[in-house]
Amino acid sequence: MNSSLALSLATFIYGLSSVFYIGSFAFKKPILAKPGFIVLVIGFLSNTAGIIIRWIESHQMGYGYAPFSNMYESLVFFSWAIAVLYIFVELKYKENIIGMFATPLIFLAIAYASLSPDISSKISPLIPALKSNWLIAHVITCFLGYAGFALAFGFSIIYFVKSKNSDAASIFAKLPSWDLIDELTYQMVVFGFLFLTIGIITGAVWANSAWGTYWSWDPKETWSLITWFIYAIFLHLRMMRGWHGKNLAWVSIIGFMAVMFTYFGVNFLLSGLHSYG
């Protein structure tokens, strides 16, 4: 099996998992979420295999680098990071209904990598700036942070859906309690904030070794800092009286929009030192 096949299978399997979770929610059949979780784990294993095989393939081609260097590879890892984090959350809290809001994010990330005509999956030699061990630490920590923010975004959406459909007979009645949604959102933001902070620090060290400066106000650096401040505000507001529920959900959603612009908008709309991404 090659990496393309493994990752294509992961895309299909994640999509199937999403169908199970959405079907469980839409048709009020909680039992469908159980095979949805099993399928999700299988997709995660295929995703993991694809990353490992791609790493091996790069060595066989004489390039020998960790597969985190371009948009395709980062999206593949992004889906992997969301999957592993969500699997942990479901195993810990036993609330499989929230999979309806998490699995589509996993599927969309890897599907966009596989299907977008603007993204190449070709294994190519690294440019000099990317030939650094700091690249691995920087990408892994940033995308673990992004995964936490993605789940926080999904949980924030639940808050609005539940609040608009609180009728006991509604399909939304089985959603987790307000307190659990609020706590999950907070925990995912804390997780994401920690790893984004480490990612920014490792990125600065990498930048210094590649370009001779720790910070150059490159568009991606600037938007990473903006994103960091938005989530810092979230954590600060969480400590204040009266800031919970919908109010914080809005901050979480705005923060994830900043994450998406940092990830996609900067690459496609702005030029800078990270344009190769």
Side-chain angles (χ1 to χ4, degrees), residues 1 3 6-21 33-56 66-69 71-114 135-158 176 180 183-199 202 231 252 256 259-260 263:
M1 179 181 289
S3 62
L7 294 172
S8 294
L9 283 174
T11 304
F12 172 78
I13 295 168
Y14 282 147
L16 182 60
S17 176
S18 298
V19 170
F20 274 115
Y21 275 106
K34 294 181 179 179
F37 181 77
I38 294 171
V39 172
L40 174 63
V41 172
I42 295 171
F44 167 73
L45 294 175
S46 182
N47 194 345
T48 304
I51 293 172
I52 295 172
I53 295 170
R54 188 175 177 89
W55 199 332
I56 294 170
F68 308 124
S69 65
M71 178 65 79
Y72 174 81
E73 292 169 349
S74 65
L75 280 166
V76 166
F77 183 71
F78 187 29
S79 65
W80 181 93
I82 302 174
V84 70
L85 188 55
Y86 174 72
I87 289 170
F88 170 79
V89 169
E90 181 164 329
L91 288 174
K92 180 178 180 180
Y93 291 97
K94 311 299 182 184
E95 290 283 357
N96 53 34
I97 195 70
I98 58 179
M100 192 199 91
F101 299 87
T103 51
L105 296 174
I106 301 168
F107 169 67
L108 288 173
I110 198 167
Y112 182 65
S114 302
L135 167 68
I136 301 175
H138 173 61
V139 173
I140 288 176
T141 51
C142 279
F143 279 92
L144 284 173
Y146 287 177
F149 296 145
L151 287 183
F153 167 77
F155 298 153
S156 296
I157 296 300
I158 296 177
L180 180 57
E183 182 62 22
L184 283 172
T185 302
Y186 170 68
Q187 289 182 1
M188 292 302 101
V189 169
V190 169
F191 179 91
F193 186 77
L194 172 63
F195 279 98
L196 178 61
T197 302
I198 299 171
T202 54
Y231 284 107
S252 171
F256 190 64
V259 167
M260 290 293 95
Y263 189 15

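Note that the numbering runs from 1 along the sequence shown for the chain.
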Taking the side chain as every heavy atom from C-beta outward, state whether F191 and L151 have any atom pair closer than 4.5 Å. no
CD1 of I52 to CG of N47, rounded to nearest 0.5 Å, is 10.0 Å
By ring pair (Phe, Tyr, Trp, His ring centres under 6.0 Å), Y146 pairs with (sequence neighbours left out) F143
Of all heavy-atom pairs linking G50 and S3, the shortest is O-CB, 3.5 Å
4.5 Å side-chain heavy-atom contact, L184 and I98 | yes
Practice problem: Give a yes or no answer on whether the side chain of Y263 reaches the backbone of L75 with a donor-acceptor pair at less than 3.5 Å. | Solution: yes
**Asked** Would you call I140 and F195 a side-chain contact if the rule is heavy atoms closer than 4.5 Å?
**Response** no
Exactly one candidate in F78, F77, W80 meets ring pair (Phe, Tyr, Trp, His ring centres under 6.0 Å) with F68; the answer is F77
The reported gap from CG in N96 to CG in L91 (rounded to nearest 0.5 angstrom) is 11.0 Å
Donor-acceptor pair, side chain of Y21 and main chain of F101, under 3.5 angstrom: no
Review point. Is there a side-chain contact between L40 and E90 (heavy atoms, below 4.5 Å)?
Key: no
Dump the intermediate steps for side-chain contact (heavy atoms from CB on, under 4.5 Å) on F107 and L16, then the final yes or no. CA-CA 9 Å; F107 169 67; L16 182 60; over 6 Å; no
Shortest non-hydrogen pair, I110 vs A10, comes out as CD1-CB, 4.0 Å
**Report entry** Main-chain N/O of M100 paired with T103 side-chain donor or acceptor, under 3.5 Å
**Finding:** no
Rounded to the nearest 0.5 Å, the CH2 atom of W55 sits from the CD atom of E73 at a distance of 11.0 Å
dist E183:CD -> F155:CZ (nearest 0.5 Å) comes out at 11.5 Å
Taken to the nearest 0.5 Å, the spacing of T202 OG1 from I136 CD1 works out to 11.5 Å
Correct closest heavy-atom pair for V84 and F44 would be CB-CE1, 3.7 Å
Correct closest heavy-atom pair for T11 and S114 would be OG1-OG, 3.3 Å
Worksheet item: Looking only at atom types and distance, does a side-chain atom of S17 sit under 3.5 Å from a main-chain N or O of G36, one as donor and one as acceptor?
Response: yes
Closest non-hydrogen atoms of A109 and S79, given as atom of the first, atom of the second and distance, are CB-CB, 4.0 Å
- Any side-chain donor near an acceptor of the partner, Q187 and Y93, under 3.5 Å: yes
Y186 meets the ring pair (Phe, Tyr, Trp, His ring centres under 6.0 Å) criterion, sequence neighbours left out, with none
The ring pair (Phe, Tyr, Trp, His ring centres under 6.0 Å) partners of F256 (sequence neighbours excluded) come to F153
Heavy atoms of A152 and V189 approach each other most closely as CB-CG2, 3.7 Å
**Request:** Determine whether I82 and Y14 make a side-chain contact, defined as any pair of heavy atoms from C-beta on separated by less than 4.5 Å.
**Result:** no
Between the OG1 atom in T141 and the CG atom in L194, the distance rounded to the nearest 0.5 Å is 9.5 Å
